[in-house]
Chemist: 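I have a structure I would like to understand better, so I am pasting it below and will then ask my questions one at a time.
In what follows, chains carry the letters A, B, and so on, assigned in the order in which the sequence lines appear, proteins first and then strands, with residues in each chain numbered from 1. Keep in mind that this is a model prediction, so the values were computed, not measured.
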Number of protein chains: 2
Amino acid sequence: MNGKTTREQIIEAADRLFYQQGFEHTSFADISQAVNISRGNFYYHFKSKDEILDAVIKLRFLRTQTLLNTWEKHNQHPLERIRSFVNILIMNQNKIISYGCPVGTLCSELNKLNHSAEADANKLFDLFRQWLGQQFILLGHVDTADELALHVLAFSQGVATLANAFSDEIFVQREVNNMGKWLDSLTIETQHNHIFV
Amino acid sequence: MNGKTTREQIIEAADRLFYQQGFEHTSFADISQAVNISRGNFYYHFKSKDEILDAVIKLRFLRTQTLLNTWEKHNQHPLERIRSFVNILIMNQNKIISYGCPVGTLCSELNKLNHSAEADANKLFDLFRQWLGQQFILLGHVDTADELALHVLAFSQGVATLANAFSDEIFVQREVNNMGKWLDSLTIETQHNHIFV
DNA sequence: GACTCACTAGGACACATGTCCTATGATTGA
DNA sequence: TCAATCATAGGACATGTGTCCTAGTGAGTC
């Protein structure tokens, strides 16, 4: 129909619905309705609901990697790359206000469900963490790179959670500005370091 | 048995289980087992599961109010009150690492469930927001009180989310220290203002 | 002792859900 | 053209769940 295989359509619909409604609260009926296939046909493509979850996490993982690579290519300066990350909050503002952060809310839910896929979901956080850490290393903050990475990550999670609870765009913009200034102050301290990769 | 009415026991068990397992994932069987009563007996005390959720949110709301009042009594200085808030992350470290923030995760879940109680749950956030704002006003930050309150709230949410995902105590302690320094810098800027209530 | 009433136990009921099975149509390759 | 494989539809099945109903218990009261 639209060039995508049924399997791909299922994964993408599941990805969207898991984000909007949560994993547990999304039924096979929901997904099959979204893809317009029968519920029984489902098990030809996936042996279980958990298998779909795995596929969704894998998809998000690959998408994230692609995104990070894009930011690296489009921004010579590590600081600008970090700004790209922070700017997701603006770019995806509407979605975040409606449904929160896709990564944070998924990890949180799987944690409560005591689901075995929790570790895989946490790897999404790890991906950002490693990448941000790498940028801070390039900025010269070798010793504190991981701490700074976690700080930026925590910032984004906090803003996403409250943006969702309060549906407040202005708050998001203001916090992103704050974070921008904080990033500036980091570079000023080490502006002698101009070797980037 | 232990001086509590059955109704109270149900609410407290539900409060704990909703926190640990999530609202939807907690069944009547879970709660009745925790309280040691039959599942059927349940509907004598509550007409529906949603009614239990309402009672749990109400309980949390009252507990929070009590907590905030305690902090006000025990700390003359608004800055110390705010520090008390930030220190929940340390005080409840183990729970937060295991299950995240009770408020944040509940609001997030109810949002995904499109549950009518979401608004009530968000009032828990509002309670902290108003209270923190009040303290910042007392500190002299009249115009930016609400912004600062949201900033501190977002901070706590971000730290709780990552603490849960990474199970990292050191990260929590470090971020709390950072926030402490940030609070110091706020007072230094306005240390001429010494009128507190 | 009879009565009331708060409280409890146990099971029935309808419904949704994840899973599985079988039959049928579509596509492909020799 | 025909057989084999892919893909799909539809329904069966067991299970768990929220909800509801009815019978029973036990303490207190007249």
Side-chain angles (χ1 to χ4, degrees), chain A residues 1-58 106 109-110 112-118 120-121, chain B residues 1-58 106 109-110 112-118 120-121:
Chain A
M1 173 121 42
N2 45 15
K4 308 229 169 156
T5 65
T6 305
R7 187 188 156 89
E8 284 171 339
Q9 289 183 52
I10 291 174
I11 296 176
E12 287 182 9
D15 175 47
R16 182 174 54 82
L17 290 171
F18 289 173
Y19 178 38
Q20 295 175 346
Q21 313 181 352
F23 169 68
E24 194 179 27
H25 193 240
T26 298
S27 69
F28 275 63
D30 292 334
I31 304 176
S32 59
Q33 198 180 353
V35 186
N36 244 329
I37 62 169
S38 71
R39 210 171 81 246
N41 182 19
F42 233 100
Y43 280 75
Y44 175 77
H45 300 280
F46 296 95
K47 266 178 281 185
S48 70
K49 195 181 178 186
D50 290 349
E51 215 170 75
I52 299 181
L53 178 60
D54 289 341
V56 167
I57 292 176
K58 196 170 187 176
L106 180 65
E109 180 181 2
L110 296 182
K112 293 216 190 288
L113 300 186
N114 213 2
H115 197 288
S116 58
E118 189 197 354
D120 284 333
Chain B
M1 178 145 4
N2 46 14
K4 307 227 168 155
T5 65
T6 304
R7 187 189 158 90
E8 284 170 339
Q9 288 183 52
I10 290 174
I11 297 176
E12 288 182 9
D15 175 47
R16 182 173 54 82
L17 289 171
F18 288 175
Y19 178 36
Q20 295 175 347
Q21 312 182 352
F23 168 68
E24 192 179 29
H25 192 240
T26 298
S27 68
F28 275 65
D30 293 333
I31 303 176
S32 58
Q33 198 179 352
V35 186
N36 243 329
I37 62 168
S38 69
R39 208 172 82 245
N41 181 18
F42 233 101
Y43 279 74
Y44 175 76
H45 300 280
F46 296 94
K47 266 178 281 185
S48 71
K49 196 181 177 185
D50 289 350
E51 216 171 74
I52 301 181
L53 177 61
D54 289 341
V56 167
I57 293 175
K58 199 171 187 177
L106 180 65
E109 181 182 359
L110 295 182
K112 293 216 189 289
L113 300 186
N114 213 2
H115 196 287
S116 58
E118 190 195 353
D120 284 332

Chemist: Look at the side-chain N and O atoms of A:His45 and state whether any lies under 4.0 Å from the OP1 or OP2 oxygen of D:dT8.
Modeler: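 So the side chain of A:His45 is within the cut-off, an N or O lying under 4.0 Å from OP1 or OP2 of D:dT8.
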Chemist: Rounded to whole angstrom units, what separation is found between the CZ atom of A:Arg7 and the P atom of D:dC6?
Modeler: 15 Å
Chemist: Report the distance from atom NE2 of A:His25 to atom C1' of C:dG18, rounded to the nearest whole Å.
Modeler: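 About 16 Å, once rounded to whole Å.
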Chemist: Please report the distance, rounded to the nearest Å, between CG in A:Leu113 and C1' in D:dG16.
Modeler: 15 Å
Chemist: Starting the side chain at C-beta, find the nucleotide from D:dG10, C:dG18, D:dG18 nearest to A:Ser38.
Modeler: D:dG10
Chemist: Between C1' on D:dG10 and CZ on A:Phe28, what's the gap in Å once rounded to a whole number?
Modeler: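 Between C1' of D:dG10 and CZ of A:Phe28: 16 Å.
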Chemist: Can you tell me the distance, in whole Å, between the CD atom of A:Gln9 and the P atom of D:dA7?
Modeler: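 My rounded result for the distance is 13 Å.
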Chemist: Are there more than 12 heavy atoms of other residues, nucleotides or ligands under 6.0 Å from atom CD of A:Glu51?
Modeler: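 Check passes, neighbour count above 12.
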Chemist: Under 6.0 Å from the CG atom of B:Asp50, do we count more than 12 heavy atoms belonging to anything else shown?
Modeler: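 Yes, because the 6.0 Å sphere around CG of B:Asp50 holds more than 12 heavy atoms from other groups.
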Chemist: Please state whether the rings of A:Phe23 and A:Phe18 are parallel, tilted or perpendicular, taking 30° and 60° as the class boundaries.
Modeler: perpendicular
Chemist: Looking at CD1 of B:Ile57 and CD1 of B:Ile11, how far apart are the two atoms once the value is rounded to the nearest 0.5 Å?
Modeler: 12.0 Å
Chemist: Looking at D:dA7, C:dA9, D:dG10, which one has an atom nearest to any side-chain atom of B:Asn41?
Modeler: C:dA9
Chemist: Looking at NE2 of B:His25 and CG of A:Asn114, how far apart are the two atoms once the value is rounded to the nearest 0.5 Å?
Modeler: 8.5 Å
Chemist: Establish, with yes or no, whether the OP1 or OP2 oxygen of D:dA7 is under 4.0 angstrom from a side-chain nitrogen or oxygen of A:Tyr44.
Modeler: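 Answer is yes, contact under 4.0 Å.
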Chemist: Give a yes/no answer on whether the side chain of B:Thr6 brings an N or O atom under 4.0 Å of OP1 or OP2 in C:dT8.
Modeler: yes
Chemist: Roughly how many Å is it from CG in B:Asn36 to C1' in C:dG10, rounded to a whole number?
Modeler: 15 Å
Chemist: Without decimals, in angstroms, what is the distance between A:Lys4 NZ and D:dA7 C1'?
Modeler: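 These atoms are roughly 20 Å apart.
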Chemist: Between the base of D:dT19 and the side chain of B:Arg39, is there a donor-acceptor distance below 3.5 Å?
Modeler: yes
Chemist: C:dT19 phosphate, OP1 or OP2: any side-chain N/O from A:Tyr43 under 4.0 angstrom?
Modeler: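 Checking C:dT19 against A:Tyr43, a side-chain N or O does come within under 4.0 Å of OP1 or OP2.
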Chemist: Once you round it to whole Å, what is the distance between P of D:dT17 and CZ of B:Phe23?
Modeler: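 The answer, rounded to whole Å, is 13 Å.
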Chemist: Need one value for A:Thr26: base, sugar-phosphate or nothing, where a base atom within 4.0 Å counts as base even if backbone is also close, heavy atoms only.
Modeler: sugar-phosphate
Chemist: For DNA chain C, whose closest nucleotide is more 5', that of A:Ala29 or that of A:Lys47?
Modeler: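 Going by which nucleotide is closer to the 5' end, it is A:Ala29.
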Chemist: Among the candidates C:dT17, C:dT19, D:dT19, find the nucleotide nearest to the side-chain atoms of A:Ser48.
Modeler: C:dT19
